[in-house]
Amino acid sequence: MGSDIVVHIVDDEEDVRTSVAFLLTTSGHTVRVHESAMEFLNAALTGNLQNDCLITDLRMPDISGVELLRRLREADAMLPAIVITGHGDVSMAVEAMKTGALDFIEKPFEEQILLNAIKHAASELKNRPRDIDDIASIRARLDSLTDRERQVMEGVVAGQPNKTIAFELNISPRTVEVHRANVMAKMQVKSLPELVRLVLAANASD
């Protein structure tokens, strides 16, 4: 499943860069690795990366993944970006998506999930306009949620754990789990990144 895009991997951990690069290379992708966000930022600002996409870790010692995306956007050099996040960094990943990230993947992740995200990034490079019918469909799904389900969804999208949502809404964690499952079913998504994308898309169209 190769493609003609160049995938840039930004991570300060050598073993992560090596393993992800190996996976993508053996899948037919052209890969470039960068040891730091600053290294990639310099390349992005001085070169033509219009047919490229980015995979970046969120937590890095020089500048974070969120800050990297923010600087790319400010320089009008944004490209389809996938952020990799550790457990407990969901709120930071959501912030990255608000800054312009296309997707986020939580560690540890299955290889196919990353490959699917790259495929999504490749399709995004075609700059196909979002169909108005898609937004209408998303809003219809949102309208199908009960008030409580919407409250739980807002907590989930904000990156809050079930226990925190339960405490703030004065309900049990088990009840949160039930509402969360209902939200995923009604929104027709199977993962948190998918849910976040839909919510952000609906908000952006307001």
Side-chain angles (χ1 to χ4, degrees), residues 11-13 16 20 37 54-61 63-70 73 80-118 120-121 124 130 133-206:
D11 199 300
D12 60 304
E13 297 184 19
V16 175
V20 174
L54 168 66
I55 298 174
T56 180
D57 193 18
L58 276 180
R59 293 188 178 276
M60 293 180 287
I63 59 176
S64 69
V66 173
E67 181 61 22
L68 170 60
L69 298 181
R70 186 174 292 115
R73 169 176 270 183
I82 301 159
V83 296
I84 298 177
T85 174
H87 179 69
D89 287 339
V90 173
S91 60
M92 190 175 179
V94 171
E95 182 63 28
M97 293 189 75
K98 291 179 180 179
T99 307
L102 183 66
D103 205 347
F104 73 87
I105 300 175
E106 295 181 86
K107 300 176 183 176
F109 54 83
E110 297 179 5
E111 294 180 351
Q112 192 58 49
I113 292 178
L114 180 58
L115 294 176
N116 289 343
I118 295 296
H120 182 204
E124 186 75 9
R130 181 176 294 277
D133 290 339
D134 290 342
I135 297 298
S137 174
I138 295 171
R139 286 179 170 167
R141 296 179 216 175
L142 288 170
D143 289 341
S144 73
L145 301 178
T146 65
D147 290 342
R148 182 65 85 191
E149 288 168 350
R150 186 178 288 270
Q151 291 173 330
V152 170
M153 181 191 71
E154 290 172 353
V156 170
V157 170
Q160 296 178 335
N162 287 351
K163 288 184 178 180
T164 300
I165 297 173
F167 177 79
E168 293 188 352
L169 298 180
N170 195 29
I171 57 179
S172 71
R174 175 56 183 163
T175 301
V176 171
E177 291 177 6
V178 172
H179 286 313
R180 182 168 180 160
N182 290 340
V183 168
M184 301 296 277
K186 289 183 177 181
M187 293 301 294
Q188 301 174 28
V189 296
K190 295 181 180 180
S191 68
L192 178 55
E194 286 183 88
L195 178 63
V196 171
R197 277 201 301 272
L198 294 189
V199 173
L200 292 181
N203 291 341
S205 65
D206 290 337

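Because the structure is a prediction, the values reported are computed rather than measured.
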- request: State plainly whether the residues E177 and R180 are in salt-bridge range, i.e. N to O under 4.0 Å.
  value: no

- prompt: Where is the tightest heavy-atom contact between I63 and L68, given as atom of each residue plus distance?
  reply: CD1-CA, 4.2 Å

field: side chain to side chain donor-acceptor pair (under 3.5 Å) between E67 and S64, intermediate numbers included
entry: CA-CA 5 Å; E67 181 61 22; S64 69; 5.6 Å; no

task: Over all heavy atoms of both residues, which pair between G155 and I165 is shortest? Give the atoms and the distance, please.
output: C-CD1, 3.7 Å

field: side chain to side chain contact (heavy atoms under 4.5 Å, CB included) between L58 and E95, intermediate numbers included
entry: CA-CA 10 Å; L58 276 180; E95 182 63 28; over 6 Å; no

Any side-chain heavy-atom pair of D57 and V16 under 4.5 Å: no

- prompt: Just wondering, more than 12 heavy atoms not from F167 lying within 6.0 Å of its CZ?
  reply: no

query: Quick one: are K186 and T146 in side-chain contact, heavy atoms under 4.5 Å?
result: yes

- request: Look up atom CZ in R139 and atom CG in D134, then write down how far apart they are to the nearest 0.5 Å.
  value: 12.0 Å

statement: What one should report as the nearest heavy-atom pair of K163 and P173 is CG-CG, 4.5 Å

- prompt: Where do L145 and V152 land on the side chain to side chain contact (heavy atoms under 4.5 Å, CB included) test, with the steps shown first?
  reply: CA-CA 10 Å; L145 301 178; V152 170; over 6 Å; no

message: Please report the interatomic distance CE(M97) to CG(L200), rounded to the nearest 0.5 Å.
response: 5.5 Å

query: Between V176 and L169, is any pair of side-chain heavy atoms under 4.5 Å apart?
result: no

- request: First locate atom CG of D143, then atom CD1 of I138, and finally report the distance between them rounded to the nearest 0.5 Å.
  value: 12.0 Å

query: Under a 4.5 Å cut-off applied to non-hydrogen side-chain atoms, are D11 and I84 in contact?
result: no

task: List the steps and the verdict of side chain to side chain contact (heavy atoms under 4.5 Å, CB included) for R148 and V183.
output: CA-CA 10 Å; R148 182 65 85 191; V183 168; over 6 Å; no

query: Can you check whether L54 reaches L69 side chain to side chain, under 4.5 Å on heavy atoms?
result: yes

- prompt: Under 4.5 Å between any side-chain heavy atoms of H179 and V156, yes or no?
  reply: no

Distance-minimising heavy-atom pair for M60 and A37: CE-CB, 3.8 Å

field: Any side-chain heavy-atom pair of I105 and I55 under 4.5 Å
entry: no

- line: Looking only at heavy atoms, the pair that brings M187 and L142 closest together is CE-CD2, 3.6 Å

- line: So CG of D103 and CD1 of I113: to nearest 0.5 Å the spacing works out to 9.5 Å

- prompt: Any side-chain heavy atom of M92 within less than 4.5 Å of one from T85?
  reply: no

query: Do Q151 and D147 have side-chain atoms, one donor and one acceptor, less than 3.5 Å apart?
result: no

query: Looking only at heavy atoms, which two atoms of M184 and L192 are closest? And how far apart?
result: CE-N, 4.0 Å

